[in-house]
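One-based numbering along the sequence shown.
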Amino acid sequence: MSILFKALLFLPIIFLGTNATIPTTKVTEEGIEFGIGNNFGSFQFGFADGSHQPLIGNKVGQPDFETDFKGKWELHSKNAGVSAMQLQLMHNNKAVWFDTTNLGPSALEFDPPFCRPLPSNASLTDCFAHAVEYDTQIASVRPLKFMYDPWCSSGGLAANGDLINTGGAIEAERAIRIFTPCDNCEFLENVAGLADNRWYASQHTLEDGNFVVIGGRNVFTYEIVPPNQLQFQPRLFPLPFLQETRDEKENNLYPFVYLLPDGNIFLFANSKSIILKPYTGEIIRRLPDLPGGSRNYPASGMSVLLPLQLSADNAAENLNVEVLVCGGNTLDAFKFAENEPRKFLPALDDCNRLSLTQENAQWDTETMPSRRVMGDSLLLPTGDVLMLNDDANFTPTLYYPRREKGKRFKELKPTKIARMYHSSSALLIDAKILVTGSNPHQFYTFDVKYPTELRVEKFLPPYLDADLDKHRPAIDEDKSDKELKYGQQFVVYFGLDEDADQVDIKVTMYPPPFTTHGFSQGQRLLVLGLKEFNGDQITAVAPPSGKIAPPGYYMLFVVHRSVPSRGMWVHIA
Ligand SMILES: *[C@@H]1O[C@H](CO)[C@@H](O)[C@H](O)[C@H]1NC(C)=O
């Protein structure tokens, strides 16, 4: 890599920022088959007050509880010491985050002092922490050690709850690291574990608990990485699609990756997307292009796989699979931003949705209330999508996927803290959102308009309105099942101070993703099929397989007419 190229990467990247029958599908080993009508059965939605309620028998659920509350920001820590470029919530409710080891001094040192020799010159040392374990409840910080640079790396949780972090920069593009959540655990590292260089790659868990790690700078391959090993046999696949989607300024890094209900991988890069068989490298489908600009790094948009609504019999044909891709920038935006006189083109304000299960589906486009590049999009326990952070876009937006087109966006309470490039966020067990990081500079820099940001906030979405507390379910963790088995029924006990019908209750599951550069790797929300409701206990059906729910830890929420409980950690394998 040239020095010039490296220098460019340090640049602050600040772009200005009625009832309907849906087509049915069949998921097979060969991919997703399509059918319209009743070949495999159909599934109906009813609309009430703009929100949808599933019909069970003849019973329509009551409408969601409404609130005018636009959310609330709480300052959780004044100084966490390290800026959160990449962030992972662990199942002990501690968040692990880190930036890069080449940013010079951070605001946190080790006690007792610890200095690492620089990989480039062992007679030089670095005595600052570049990673922390942050207690999301009590705000305590424990510095973590890194030997090799995890800059713009990728990650995900293994089935046993370990963080598996892949790639990085400089000496560490093939690094793999394992972090086990415990009181004094540190990262274990192998600087040469991967089969190819992974800098700005995306990682996602597969049905068997292995990971795919896709792409990276000037790397047109992907590989399969086992979950708990620092050394393993390379399983590398060529992926010319990454070459096809590479612009002069790339625009295809940190691609959007989702595991689909048939075990295949949806991969979106720049403006194109495919469905890929992970263990053969075969492209089994090409989806329509998304016009309008670029959606991946450096012109990063936001993306989620919309919630998967499972049925009580876990029938695959009932699944509607849709992806959302919003914002980004024009193909040449980075070129304008890096060359003097620097010019920041306005970010995109479109939000686009594509069904992967509907025959001949096209991208369906709407307009967001504001423009976003490098924003975060998080799935909430309710199944709605929170869009936040970005190059000085202070106002979060809620996206309601189940509402009718034209009624899906709502702007929320703005923060006062700019969360620019290299910021991140995470859904927590109490259904609040952790918001942290931001550093559009080469070093930790404080005396400027958009400083390195070490403050940690929590955002309370509208569903945490105190006026809704009387409708809020409270899970009884002691009585409830927490170790789930694929396809098997399990019982969640909860208290609710009012009568409700089964159709008013949802049980949702969410694996904590690895978030960096606006993309939450491994994020998904499962809405479980329900069997029986007895006032204070609900029998739910666990997801049928690792294709729907890769093995590991999930937060489980009981949601009563859009008011979520505090979550409970469950494990499925
Ligand atoms: C390593 O750093 C030392 C101390 O600054 C310096 O004298 C030496 O030349 C460096 N070595 C290399 C290979 O750059």
Side-chain angles (χ1 to χ4, degrees), residues 9 13 80-90 94-103 106 108 129-134 136 141-158 162-170 172-173 175-179 181 186-187 189 194 198-205 211 213-217 225 253-257 296-298 300 302 374-378 388-390 419-427 433-441 444 452-454 456 511-523:
L9 295 165
I13 297 175
V82 170
S83 183
M85 186 189 293
Q86 30 256 308
L87 171 65
Q88 173 71 59
L89 180 70
M90 310 298 287
K94 291 179 181 172
V96 170
W97 72 67
F98 40 93
D99 55 23
T100 125
T101 53
N102 67 38
L103 279 183
S106 71
L108 186 65
H130 303 284
V132 295
E133 183 190 53
Y134 181 87
T136 61
V141 171
R142 181 167 75 93
L144 300 174
K145 291 165 189 157
F146 265 129
M147 215 46 122
Y148 305 108
D149 196 350
W151 184 19
C152 299
S153 54
S154 34
L157 289 187
D162 288 356
L163 167 59
I164 310 301
N165 174 233
T166 54
I170 324 289
E173 289 192 69
I176 178 160
R177 308 172 189 81
I178 299 178
F179 179 81
E186 294 281 353
F187 277 93
E189 295 176 88
L194 300 179
R198 305 292 170 198
W199 190 22
Y200 297 87
S202 290
Q203 178 171 333
H204 199 297
T205 324
F211 298 97
V213 183
I214 302 182
R217 263 208 141 106
V225 171
L253 299 175
Y254 278 131
F256 304 138
V257 182
N296 295 93
Y297 186 87
S300 301
M302 306 174 290
M374 210 73 76
D376 284 355
S377 52
L378 294 178
L388 74 166
N389 292 6
D390 184 314
R419 301 291 180 176
M420 314 284 289
Y421 189 44
H422 291 157
S423 59
S424 52
S425 57
L427 172 67
I433 309 298
L434 186 81
V435 180
T436 178
S438 182
N439 187 17
H441 307 287
Y444 277 44
T452 303
E453 190 52 69
L454 299 173
V456 181
F514 180 90
T515 297
T516 187
H517 291 78
F519 182 50
S520 293
Q521 303 174 19
Q523 180 171 234

Chemist: For the pair Tyr297 and Met374, evaluate side-chain contact (heavy atoms from CB on, under 4.5 Å) and give the outcome as yes or no after the intermediate values.
Modeler: CA-CA 8 Å; Tyr297 186 87; Met374 210 73 76; 3.9 Å; yes

Chemist: Report the distance from atom CD of Gln521 to atom OG of Ser202, rounding to the nearest 0.5 Å.
Modeler: 4.5 Å

Chemist: If every non-hydrogen atom of Asp376 is compared with every non-hydrogen atom of Gly518, which pair is closest and at what distance?
Modeler: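 Distance-wise, the nearest heavy atoms are OD1-CA, 3.2 Å.
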
Chemist: With the side chain counted from C-beta on, respond yes when Ser153 and Trp199 share a heavy-atom pair under 4.5 Å apart, and no when they do not.
Modeler: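 No, too far: nothing below the 4.5 Å cut-off.
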
Chemist: With side chains defined as the heavy atoms from C-beta onward, is the minimum distance between Tyr134 and Thr436 less than 4.5 Å?
Modeler: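 When only atoms from C-beta onward are counted, Thr436 and Tyr134 do not touch, as no gap falls below 4.5 Å.
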
Chemist: For Leu144 and Glu186: C-alpha separation, side-chain torsions, deciding distance, then whether side-chain contact (heavy atoms from CB on, under 4.5 Å) applies.
Modeler: CA-CA 6 Å; Leu144 300 174; Glu186 294 281 353; 3.9 Å; yes

Chemist: Rounded to the nearest 0.5 Å, what's the gap from CD on Gln203 to CG on Asn165? Could you check?
Modeler: 7.5 Å

Chemist: Is the terminal nitrogen or CZ of Arg217 (NZ for Lys, CZ for Arg) located under 6.0 angstrom from the six-membered ring centre of Tyr200 and within 45° of that ring's axis?
Modeler: yes

Chemist: Could you give the distance from OG1 (Thr100) to CG (Asp149), rounded to the nearest 0.5 Å?
Modeler: 4.0 Å

Chemist: Please report the closest heavy-atom contact between Thr101 and Pro150, naming both atoms and the distance.
Modeler: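 Minimum heavy-atom contact is CG2-CD, 4.0 Å.
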
Chemist: Output the distance between atom OG (Ser425) and atom CG (Leu388), rounded to the nearest 0.5 Å.
Modeler: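 Result: 4.5 Å between the selected atoms.
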
Chemist: If only atom types and distance count, is the side chain of Glu189 paired as donor or acceptor with the main-chain N or O of Met147 below 3.5 Å?
Modeler: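 Yes; judged by distance alone, with no hydrogens or angles, the pair exists.
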
Chemist: Would you give the length of the straight line joining atom CG of Leu157 to atom CZ of Phe211, rounded to the nearest 0.5 angstrom?
Modeler: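 Here the rounded value is 7.0 Å.
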
Chemist: What's the shortest heavy-atom distance between Gly81 and Ser106, and which atoms?
Modeler: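 So the two residues come closest at O-CB, 3.8 Å.
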
Chemist: Please lay out, stage by stage, how Val82 and Leu454 fare under the test side-chain contact (heavy atoms from CB on, under 4.5 Å).
Modeler: CA-CA 6 Å; Val82 170; Leu454 299 173; 5.5 Å; no

Chemist: Can a donor-acceptor pair be found, under 3.5 Å and without considering hydrogens, that links the side chain of Glu453 to the backbone of Gly437?
Modeler: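 Pair absent, no side-chain N/O of Glu453 close to backbone of Gly437.
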
Chemist: Can you list everything that forms a side chain to side chain contact (heavy atoms under 4.5 Å, CB included) with Pro511? Sequence neighbours excluded, please.
Modeler: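 Checked Pro511 against side chain to side chain contact (heavy atoms under 4.5 Å, CB included); matches are Arg524, Tyr554.
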
Chemist: What are the two closest non-hydrogen atoms of Val213 and Ser154, and how far apart are they?
Modeler: CG1-OG, 4.0 Å

Chemist: Counting only N and O atoms by type, is there a donor-acceptor contact under 3.5 Å from the side chain of Tyr444 to the main-chain atoms of Ser83?
Modeler: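 Looks like yes, one N/O pair under 3.5 Å.
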
Chemist: Surrounding OH of Tyr148 (heavy atoms of other residues, nucleotides or ligands, distance under 6.0 Å), is the total greater than 12?
Modeler: no

Chemist: Take Ile170 and Asn102, measure what side-chain contact (heavy atoms from CB on, under 4.5 Å) needs, and give me the verdict at the end.
Modeler: CA-CA 9 Å; Ile170 324 289; Asn102 67 38; 3.9 Å; yes

Chemist: Treating Thr452 as the side-chain partner and Asn439 as the backbone partner, does any N or O pair qualify as donor plus acceptor under 3.5 Å?
Modeler: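 No, the answer is negative, given that no donor and acceptor are paired below the 3.5 Å cut-off.
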
Chemist: What pair of heavy atoms forms the shortest contact from Leu194 to Gly167, and how long is it?
Modeler: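 Minimum heavy-atom contact is CD1-N, 3.6 Å.
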
Chemist: I'd like to know if the side chain of Tyr254 and the backbone of Cys152 have a donor-acceptor N/O pair within less than 3.5 Å.
Modeler: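 Yes, because the side chain of Tyr254 sits within donor-acceptor range (under 3.5 Å) of the backbone of Cys152.
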
Chemist: With sequence neighbours left out, what residues match Gln523 under side chain to side chain contact (heavy atoms under 4.5 Å, CB included)?
Modeler: Val304, Leu378, Leu379, Tyr510, Pro513, Ser520

Chemist: Check each of Trp97, Phe98, Phe179 against Glu133 using the side-chain contact (heavy atoms from CB on, under 4.5 Å) test, and report the only one that passes.
Modeler: Phe179

Chemist: Heavy atoms only: give me the nearest Ala80-Val141 pair and the separation to one decimal.
Modeler: O-CG1, 3.7 Å

Chemist: Quick one, Leu163 and Val96 - any side-chain contact, counting heavy atoms below 4.5 Å?
Modeler: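 Yes, at least one pair of side-chain atoms sits under 4.5 Å.
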
Chemist: Quick check, are the ring centers of Tyr421 and His517 under 6.0 angstrom apart?
Modeler: yes

Chemist: Main chain of Pro512, side chain of Gln88: is a donor-acceptor contact present, judged purely on distance under 3.5 Å?
Modeler: yes

Chemist: Can you confirm whether Pro181 sits close enough to Asp162 that some side-chain heavy atom of one is under 4.5 Å from a side-chain heavy atom of the other?
Modeler: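 They are in side-chain contact.
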
Chemist: Report yes or no: does Thr516 contribute a side-chain atom to a donor-acceptor pair with the main-chain N or O of Met85 at less than 3.5 Å?
Modeler: yes

Chemist: Under the side chain to side chain contact (heavy atoms under 4.5 Å, CB included) test, which residues partner Ser423, sequence neighbours left out?
Modeler: Asn389, Arg419, Ser438

Chemist: Measure the NZ-CZ distance between Lys145 and Phe187 for me, rounded to the nearest 0.5 Å.
Modeler: 13.0 Å

Chemist: Backbone N or O of Ala131 within a donor-acceptor pair of the Asp99 side chain at under 3.5 Å?
Modeler: no

Chemist: Strictly distance-based, threshold 3.5 Å: is any side-chain N or O of Arg198 a donor or acceptor partner for the main-chain N or O of Gly215?
Modeler: yes

